[in-house]
Protein chains: 2
Amino acid sequence: MNTDKPLSQRKLQALQTREKLLTAGQETFLSNGFQKTTISQIIKKAQTGYGTAYVYFRNKDELFIYLMEELMNKFYTIAELPFEPITHEEARSLIRNQVQQFLQLSIKEKAMMTVIQEAKGISPSVQEKWSNIRERFISRITIDVQYAQAANLAKKSLNPHLVARGWFYANEMFMWELVHNENHYSIDDVIKNMTQMYVEGLYH
Amino acid sequence: MNTDKPLSQRKLQALQTREKLLTAGQETFLSNGFQKTTISQIIKKAQTGYGTAYVYFRNKDELFIYLMEELMNKFYTIAELPFEPITHEEARSLIRNQVQQFLQLSIKEKAMMTVIQEAKGISPSVQEKWSNIRERFISRITIDVQYAQAANLAKKSLNPHLVARGWFYANEMFMWELVHNENHYSIDDVIKNMTQMYVEGLYH
DNA sequence: AAATTTCGTTGACATGATGTCATTGACATA
DNA sequence: TATGTCAATGACATCATGTCAACGAAATTT
């Protein structure tokens with residue numbers, strides 16, 4: 001599990017400094033948001049000199065992206081959930097479950113998701129990172145749709161790529177809304193309605 | 001049509017200055033994007049002093065918002081298209097038509113839409129403006145869904161608010177993708193697939 | 001038509017964030 | 001002990017923003 005680390009005291013300290021900056025960044029981003037967070041705030045909290053931040057990260061955006069990565073892995077796990085239903089009903093259940101996990105993870109990580117939403121509007125590199133997640137979901141959903149079509153569960157007249165994309169888009173937007181607290185709907189209602197529409201639109 | 005204008009020479013010049021700033025802004029935004037456009041660039045193109053821009057607009061965001069308004073009115077027209085179908089088929093046709101107009105307008109105004117997309121990620125006030133359009137579409141679609149349910153064309157087990165929201169979300173996201181040229185799909189395919197999924201998911 | 005007021009216009013200025021770079025000094029190496 | 005390496009640093013140059021006191025031409029008053 002643990003690869004041996006031939007760490008000199010210097011390298012160790014460097015890693016610690018980097019880590020200090022990341023955690024200081026985490027805290028600052030969560031309390032101030034992306035836009036209002038400055039390098040000065042981060043290095044102050046990390047107790048390092050100004051230039052130090054630029055030794056480890058090209059800029060604020062890059063520092064933030066490292067913070068995103070851990071969270072992204074959790075999403076990837078959900079994106080890759082197995083999907084091999086035999087019946088219409090089983091399909092509905094698996095789909096509903098994936099939506100639920102996606103939305104619940106987002107809400108659990110609400111604080112960070114809010115900042116990510118803000119950041120992806122401002123920073124092209126953050127936007128691209130989020131785009132990675134999106135495409136990963138979409139290509140996996142595409143495969144699922146194709147599976148259902150091959151199993152004669154889903155209508156073959158529909159383009160699986162477009163179906164997958166449209167389906168994820170709706171999910172994503174509801175997710176941002178839930179994260180932003182602008183919703184006046186219960187999560188369960190959202191899941192139930194979306195799943196029903198999707199399954200009855202796509203499946204026989 | 002034309003309300004009488006009791007315009008002193010001063011007020012006239014003021015209006016002209018404002019207009020110069022708006023057109024200079026328009027040009028600059030379209031060629032440089034939102035982020036990279038600065039007040040200095042705008043006033044230089046408008047041939048006014050630096051402070052003048054701040055006389056007419058609180059900041060860059062507000063100037064941009066005035067530029068958005070005209071375009072937004074075109075969207076509102078589409079949002080309010082009449083919808084009173086008698087049959088399933090008529091409903092499908094009306095829906096398809098609305099989607100088509102929405103996407104075509106976006107593509108026709110592609111240059112400005114690209115800047116709007118960028119701006120709404122950066123400026124909260126632009127985001128709110130766009131949110132107005134979205135909610136206007138959604139509430140209108142909600143009414144349409146309710147109409148179809150009352151006419152016994154659509155399933156009554158679905159929540160019309162959530163259906164309308166999810167449907168618009170998918171449309172919006174495809175629209176941004178089309179505007180951004182990231183699409184590898186034809187508009188017609190997108191419209192056909194989305195409409196089919198929606199109608200067969202919602203209608204009996 | 002002279003005097004006075006109003007107000008559109010202006011650019012210098014203060015502020016604040018960013019990214020760079022020459023320098024420093026503690027640690028590693030010989 | 002001497003020499004090198006490199007993590008750390010903060011002063012600096014750069015750039016954008018928003019403010020404000022002052023100017024002067026137009027409008028109004030006397």
Side-chain angles (χ1 to χ4, degrees), chain A residues 5-25 27-29 31-67 115 118-119 121-126, chain B residues 5-25 27-29 31-67 115 118-119 121-126:
Chain A
K5 295 174 185 175
L7 280 193
S8 66
Q9 190 171 336
R10 265 195 178 170
K11 294 285 177 194
L12 191 77
Q13 193 191 338
L15 277 188
Q16 285 174 343
T17 305
R18 198 187 119 103
E19 210 52 42
K20 272 199 295 180
L21 284 165
L22 281 171
T23 49
E27 291 170 21
T28 314
F29 281 125
S31 59
N32 296 2
F34 185 78
Q35 180 106 275
K36 289 194 172 177
T37 292
T38 67
I39 294 287
S40 300
Q41 291 170 349
I42 295 176
I43 62 102
K44 190 180 167 191
K45 183 163 279 180
Q47 309 215 45
T48 75
Y50 185 81
T52 310
Y54 289 94
V55 172
Y56 295 99
F57 308 98
R58 196 186 311 277
N59 50 35
K60 196 174 75 170
D61 301 28
E62 201 189 284
L63 195 158
F64 185 75
I65 284 179
Y66 281 104
L67 294 173
V115 187
E118 186 200 353
I122 294 166
S123 156
S125 40
V126 172
Chain B
K5 295 174 184 175
L7 279 195
S8 65
Q9 190 170 337
R10 265 193 179 174
K11 294 289 176 194
L12 190 77
Q13 193 191 340
L15 277 187
Q16 285 174 343
T17 305
R18 199 187 117 103
E19 210 52 42
K20 272 199 295 180
L21 285 166
L22 281 171
T23 50
E27 291 170 22
T28 315
F29 282 125
S31 59
N32 296 3
F34 185 78
Q35 182 106 276
K36 289 194 171 177
T37 292
T38 67
I39 294 288
S40 300
Q41 292 170 349
I42 295 176
I43 62 105
K44 189 181 167 190
K45 184 163 280 181
Q47 309 214 46
T48 75
Y50 185 81
T52 310
Y54 289 95
V55 172
Y56 294 99
F57 309 98
R58 196 186 311 278
N59 50 37
K60 196 173 75 170
D61 301 28
E62 202 189 283
L63 196 158
F64 185 76
I65 284 180
Y66 280 104
L67 294 173
V115 187
E118 186 200 353
I122 293 166
S123 156
S125 40
V126 172

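Here is how names work: the chains are called A, B, and so on, in the same order as the sequence lines, proteins then strands, and each is numbered from 1. Quick caveat, the model's predicted, so the values are computed rather than measured.
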Once you round it to whole Å, what is the distance between [atom2] of [N] and [atom1] of [X]?
X: B:L63; N: D:dT17; atom1: CG; atom2: P; value: 12 Å
X: A:Q35; N: C:dA17; atom1: CD; atom2: P; value: 12 Å
X: B:I39; N: D:dT19; atom1: CD1; atom2: P; value: 11 Å
X: B:R18; N: C:dC7; atom1: CZ; atom2: C1'; value: 17 Å
X: B:F34; N: D:dA16; atom1: CZ; atom2: P; value: 15 Å
X: B:K20; N: C:dG8; atom1: NZ; atom2: P; value: 15 Å
X: B:L12; N: D:dA27; atom1: CG; atom2: C1'; value: 15 Å
X: B:Q47; N: C:dG8; atom1: CD; atom2: P; value: 21 Å

Heavy-atom pair with the smallest gap, counting every atom of [X] and [Y]:
X: B:A53; Y: B:I39; result: CB-CG2, 3.9 Å
X: A:L67; Y: A:L22; result: CD2-O, 3.6 Å
X: B:I43; Y: B:G49; result: CG2-O, 3.8 Å

Ignoring backbone atoms, establish whether [X] has a side-chain N or O less than 4.0 Å from OP1 or OP2 of [N].
X: A:Q41; N: C:dA17; answer: no
X: B:K11; N: D:dA26; answer: no
X: B:T17; N: C:dT9; answer: yes

All pairs passing side-chain hydrogen bond (donor to acceptor under 3.5 Å, both in side chains) where residues 55-65 of chain A contributes a residue, at least two apart: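 Matches after skipping sequence neighbours: A:R58-A:E62, A:D61-A:S123.
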Want to settle it: does B:R10 or B:Y50 sit nearer the 5' end of DNA chain D, counting the closest nucleotide to each?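 Its nearest nucleotide being more 5', the pick is B:Y50.
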Using the side-chain heavy atoms of B:Q9, tell me which of these nucleotides is nearest: D:dT17, C:dA28, D:dA26.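 Comparing D:dT17, C:dA28, D:dA26 against the side chain of B:Q9, the answer is D:dA26.
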Enumerate the residues from residues 52-62 of chain B whose closest heavy atom to DNA chain D is under 4.0 Å, giving them by residue number; use none for an empty result.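 B:Y54, B:N59 - these, ordered by number, are the residues of the stretch whose heavy atoms sit under 4.0 Å from the strand.
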Just so I know, are the side chains of B:I65 and B:F57 near enough to count as touching, which here means a heavy-atom distance under 4.5 Å?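 No - every pair of side-chain heavy atoms lies 4.5 Å or more apart.
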Side chains of B:Q41 and B:F29: does their closest heavy-atom pair fall under 4.5 Å?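 Of all side-chain heavy-atom pairs linking B:F29 with B:Q41, none is under 4.5 Å.
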Not counting sequence neighbours, which residues clear side-chain contact (heavy atoms from CB on, under 4.5 Å) with A:S40? List them please.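 By the side-chain contact (heavy atoms from CB on, under 4.5 Å) rule, A:S40 matches A:T38, A:Y50.
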Nearest-nucleotide comparison on DNA chain C, the residue closer to the 5′ end among B:A14 and B:G51: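 Its nucleotide being nearer the 5' end, the pick is B:A14.
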